[in-house]
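Worksheet for the structure shown next.
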Amino acid sequence: MLNDRSSILSLLETRRSGRPRDLVAPGPDPAELRRILAAAMRTPDHGKLHPWRFVRVRGDQREAFAALLQRAYRIDNSNPGRLEIDAHERFAHQAPELIVALSSPTPDHKIPVWEQELSCGAACMNLCLAAHALGYAAGWVTGWAAYSDAVLAAFGKPPERIAGFIFLGTPGAPLEERLRPNPGEVVSDWPGLVTERS
Ligand SMILES: Cc1cc2nc3c(=O)[nH]c(=O)nc-3n(C[C@H](O)[C@H](O)[C@H](O)COP(=O)(O)O)c2cc1C
């Protein structure tokens, strides 16, 4: 058990995102993907509302996804350039697996939407960690498409929101470490109440 615990900790200590464009085959097989998604379900969830959903975009649907991005982009940009069109095409075809994560809150519930959105973020994080545990990397990105009403309409409807496009695969190159905040910068002891007498 101790070994299990220390290996879980080392997973947390070593997780890194993969850049979606650098993620190559193999991606998780169907059984692994089910495990990854099941791990995402084990997320703190005040009120047991499961305020999140995950939609898989299969490999054979990537061209349709690219077409959706092109159509959605043209709503706000009537005359996109070649570079933008190519970028959407590349975005849609990145990585062997693509999961669209949706925040799916219950409005007007005693559990504030903010807490439900926090739970969605935690579910996405569990998904990324489970992928890492199975030897894959995840790349969680948003960009304009996550805020496009037309893209959302293809996956859900308000008050749902796209929490991210989570690409999964094998890193094509070793993942380099990046600078992390020094815990001293973001962790502190509470100074206590400052009262008039003290
Ligand atoms: C909600 C959310 C949206 C993100 N969107 C983007 C994005 O659009 N583009 C990007 O390069 N990174 C994005 N990131 C950051 C990456 O997922 C990743 O955290 C970052 O590249 C740092 O890598 P690390 O996870 O290894 O620390 C986003 C992260 C979160 C939590």
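As the structure lists them, so they are numbered: ligands from 1, and atoms in each ligand from 1. Computation of the quantities below employed the complete heavy-atom set of this structure, encompassing side-chain atoms and omitting hydrogens, waters and symmetry-equivalent molecules.
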Check: So between Glu176, Arg178, Glu177, Arg16, whose heavy atom ends up nearest atom 27 (O) of ligand 1?
Finding: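 The nearest heavy atom belongs to Arg178.
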Notebook entry, point to check: Going hydrophobic residue to hydrophobic residue with side-chain gaps under 4.5 angstrom, can you get from Trp52 over to Trp140?
Noted result: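 In one cluster with Trp52: Trp140, yes.
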Note to self: Count I, L, V, M, F, W, Y as connected when their side-chain heavy atoms are under 4.5 Å apart, and connections chain through other members. Are Val55 and Leu68 then in the same cluster?
What the structure shows: yes
Next item on the list: For residues Trp144 and His88, establish whether the separation of their ring centroids is below 6.0 Å.
Entry: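 That pair passes the under 6.0 Å test.
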Next item on the list: Determine whether any heavy atom of Arg180 lies closer than 4.0 Å to an atom of ligand 1.
Entry: yes
Notebook entry, point to check: For ligand 1, is there an atom lying under 4.0 Å from some heavy atom of Gly143?
Noted result: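 It does; at least one heavy atom falls under 4.0 Å.
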Check: Are the side chain of Asn77 and the backbone N or O of Asn79 linked by a donor-acceptor pair below 3.5 Å?
Finding: no
For [atom], find the nearest protein heavy atom and state the residue, atom name and distance (0.1 Å precision).
| atom | result |
| --- | --- |
| atom 8 (O) of ligand 1 | Thr142 N, 3.0 Å |
| atom 18 (C) of ligand 1 | Ser17 OG, 3.3 Å |
| atom 12 (N) of ligand 1 | Val141 CG1, 4.1 Å |
| atom 2 (C) of ligand 1 | Trp140 NE1, 3.8 Å |

Note to self: For Arg15, which part has a heavy atom under 4.0 Å from ligand 1: side chain, backbone, both, or neither?
What the structure shows: side chain
Next item on the list: Could you label the plane-to-plane angle of the Phe155 and Phe165 rings as parallel, tilted or perpendicular, counting under 30° as parallel and over 60° as perpendicular?
Entry: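 Phe155 and Phe165: perpendicular rings.
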Item checked: Gln116 and His46 side chains, donor-acceptor separation under 3.5 Å ->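 Short answer, no.
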